[in-house]
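In what follows, a structure is listed as structure tokens, so that the remarks can point back to it.
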Amino acid sequence: MESLQVSRFISCRSSSFSSTTKLAPSFRPVTQVGVGSLWRKPNKNGCLVIRSSTFVSDGGSGGAAGGSGSSQDGSFAVEDDQKKTNKHINNKINKNNIKNGNVNQKNGRVLGAERDDSGSVIGFQLLPHLGDNEVSESQGDVATQEDVSSYEVEKTEDTEGESKAQTRVTHSIVFVTSEAAPYSKTGGLGDVCGSLPIALAAHGHRVMVVSPRYQNGTTADQKFANAKDLGHCIKVYCFGGEQEVSFFHEYREGVDWVFVDHPAYHRPGNPYGDSNGAFGDNQVWFGIELGFTLLSYAACEAPLVLPLGGFTYGEKCLFLVNDWHASLVPVLLASKYRPYGVYKEARSILVIHNLSHQGVEPAATFKHLGLPSQWYGALGWVFPTWARTHALDTGEAVNLLKGAVVTSDRILTVSKGYSWEITTPEGGYGLHELLTSRKSVLDGITNGIDVAEWNPSTDEHIAVPYSADDLSGKVECKMALQKELGLPVRPDCPLIGFVGRLDYQKGIDLIQAATPEIMEEDVQFVMLGSGDPQYESWMRVAEVTYRDKFRGWVGFNVPISHRITAGCDILLMPSRFEPCGLNQLYAMRYGTIPVVHATGGLRDTVENFNPYAEGGSGTGTGWTFSPLIKDSMLAALRNATKTYREYKTSWEGLMKRCMEKDYTWENAATQYEQVFEWAFIDRPYVS
């Protein structure tokens, strides 16, 4: 029989904690001990050390070997270092919960107090106790890297100043993406997969990003210069033959950046097209189709075979698959791994950045993917009659994104508004019914922004730094921008800006139709972007037509985008749909007021201005308009320009509220962790 001697321990986290965790990256709780009657008031120390002593019972008498005595019913004593008194609690402990190998008599165990809503101690989380210079290792103490989670005890202060011990679960996370900044980027996807992994790694998770190693014969190839060949190759059977892929690796900012190498990635152009432009979903060049298939296979193998940092990630991983390019990952887990006992405890989360791109291919493509024939139904897709090319067209195809929707454990979009929109016929692009059927696991999290790069107080691209506490520099940035672009330098004239792609989605046709009426107002308008040639030509013509009011910069220039964001008073975003949108977040960070169409992430992040709220001080961060018509947009712009001219105090309040908003990746990472927790509550969706 055993008794447990419990001594109060001063701190859960000593200076040696961070160093010892490097030796044992993950810990699992040994058991839980219920001691609800131990204290009736909150314990401010928050942690206990529990030690074991053996009690020998013989005919109702016994003694304690190596520790204090105990009653025969298996009670344990609590030693208070301050009062030096022992309290005996009658509480039978299941011997199956505390085994001999799990109780280290020398170093003991750390107990993190668990409290109810009133603050009373109701139990303790039993964890390995870390010594000053070493990790106590006994049978069952230290979890292997196969364990998906580790437990870390932290002290936090509640509203009453009382310390609480909290347990945080960490995971082995694998991002699978076609692009990740700064290595490859064509849009917001690259920003997300270049920043979110770093934020999650800072939270204690082990994070790997798997992306192609693009080589197109330009200076962009140097971005992969620090990635070293791991000397490990795998063979993938798809597209009618054996494909060999290799892996390159760079460890940066706490993240394992793994790059898949194959000749399919060695070509001119961008990730989605050649030097002549991007390919449509139904006309994907063979090399691109092959490349993304290999990316998914390689991402499934990487956690099993790559000894990064001396050991592999193992099977208990959480895969974050981004858009259709990585959508085969959850299908592969369900069809080619779990049936053979591999990845049985792994989870997959599909992150949809833009549903309009789904990876739709001819039905004949399925045989090239290397999937079992019975899994055709997961990817099978039939176009509606009106969308077929001719009368004999059966409309049969495979839809890679659909495969991920039906096999992923959870589904995320990049804003809450967009997670609702994709369940509607207007925003679902044919997948709305399927997504509605999985609405219980569908959620949205707004992207963060790089607050180090987009910081008006330290931005090296702008003329004068400024902050919410001192806005004087913004006027100087505006005057410098007007001078640089050749516009009349007028600090009191409202300056409207647009930064983005010149295409139908961004509502450029609406801006084009409204420009004559906008130019009738006493305003200036600056546009930066590239895309559809017809809109690029229109911008050049408008600049000539409205010489003192309009400037159009065809192309994309990072320093100019920063200067437009800082120098303009208003940012216009009339997007038809916007899964998240980043430019409105950049604008608010710089005190530039957004005027946006109420859709997707724009509606989530821009609160309509109400000048009468809060006793007349006002609330809101900008203007939203709906429906998406010219008159609605013009009305919102006129409200903004009138407020700018006539209500300076209200305008300054708008600027400060915008600049105080928290759209950091730290905030987004915390929300992702909640979804991770939900994903592991349920069994794998497809087992």
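Here the structure is a predicted model, which means the values were calculated and not measured. For the single chain, residues carry numbers from 1 onward in sequence order.
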Specify whether Tyr429 and Phe577 have parallel, tilted or perpendicular ring planes, treating 30° as the upper limit for parallel and 60° as the lower limit for perpendicular. perpendicular
Any donor-acceptor N or O pair under 3.5 Å, side chains Tyr672, Glu677: no
Kindly state whether the ring of Phe224 and the ring of Phe259 have centres lying under 6.0 angstrom apart. yes
Tyr214 and His266 aromatic centres sub-6.0 Å: no
ring-ring contact (aromatic ring centres under 6.0 Å, His included), that's the test. Do Tyr183 and Trp257 meet it? Break it down for me. CA-CA 10 Å; Tyr183 306 99; Trp257 304 88; 5.5 Å; yes
Of the non-hydrogen atoms in Pro197 and Val255, which two are nearest, and what is the gap between them? O-CG2, 3.6 Å
Is it true that Tyr272 and His325 have ring centroids separated by less than 6.0 Å? yes
Any side-chain heavy-atom pair from His353 and Pro579 closer than 4.5 angstrom? no
Between His171 and Glu673, is any side-chain donor less than 3.5 angstrom from a side-chain acceptor? no
Is Glu242 salt-bridged to Lys235, cutoff N-O under 4.0 Å? yes
Which residues pass the salt bridge (Lys or Arg N to Asp or Glu O under 4.0 Å) test with Arg501, sequence neighbours left out? Asp503
Taking the side chain from Arg410 and the backbone from Ile349, do they hold a donor-acceptor pair closer than 3.5 Å? no
Relative to each other, are the rings of His262 and Tyr265 parallel, tilted or perpendicular (30° and 60° limits)? perpendicular
Side chain to side chain donor-acceptor pair (under 3.5 Å) pairs, two or more places apart, involving residues 398-407: Gln358-Asn399
Mind checking whether Cys317 and Ile173 have side chains closer than 4.5 Å, heavy atoms only? no
Do NZ/NE/NH1/NH2 and the carboxylate oxygens of Glu345 and Arg683 come within less than 4.0 Å? yes
So, is the end of the Arg438 side chain (NZ or CZ) under 6.0 Å from the ring centre of Tyr685 and within 45° of the ring's axis? yes
Could you pull out the closest heavy-atom pair between Glu253 and Ala201, with the gap in Å? O-CB, 4.3 Å
Nearest-0.5 Å distance that lies between atom NZ in Lys228 and atom CG in Leu230: 11.5 Å
With ring-ring contact (aromatic ring centres under 6.0 Å, His included) as the criterion, how do Phe319 and Tyr343 come out once you've worked through the C-alpha distance, each side chain's angles and the decisive distance to 0.1 Å? CA-CA 11 Å; Phe319 289 89; Tyr343 285 133; 5.4 Å; yes
For the residue pair Arg589 and Tyr663, would you count it as a cation-pi contact if the rule is NZ or CZ under 6.0 angstrom from the ring centre and within 45 degrees of the ring axis? no
Within the structure provided, determine whether Thr446 and Thr605 are in side-chain contact (heavy-atom separation under 4.5 Å). yes
Salt bridge flag under 4.0 Å for residues Arg388 and Asp393: no
Please check if any side-chain donor atom of Ser575 sits under 3.5 Å from a side-chain acceptor atom of Gln505, or the reverse. no
Please test Trp375 against Phe366 for ring-ring contact (aromatic ring centres under 6.0 Å, His included), starting from the C-alpha separation and ending with a verdict. CA-CA 9 Å; Trp375 282 84; Phe366 181 81; 9.7 Å; no
Within residues 412-423 or reaching into it, pairs that qualify as side chain to side chain donor-acceptor pair (under 3.5 Å) - sequence neighbours excluded: Lys416-Asp443, Glu421-Thr599, Glu421-Arg603
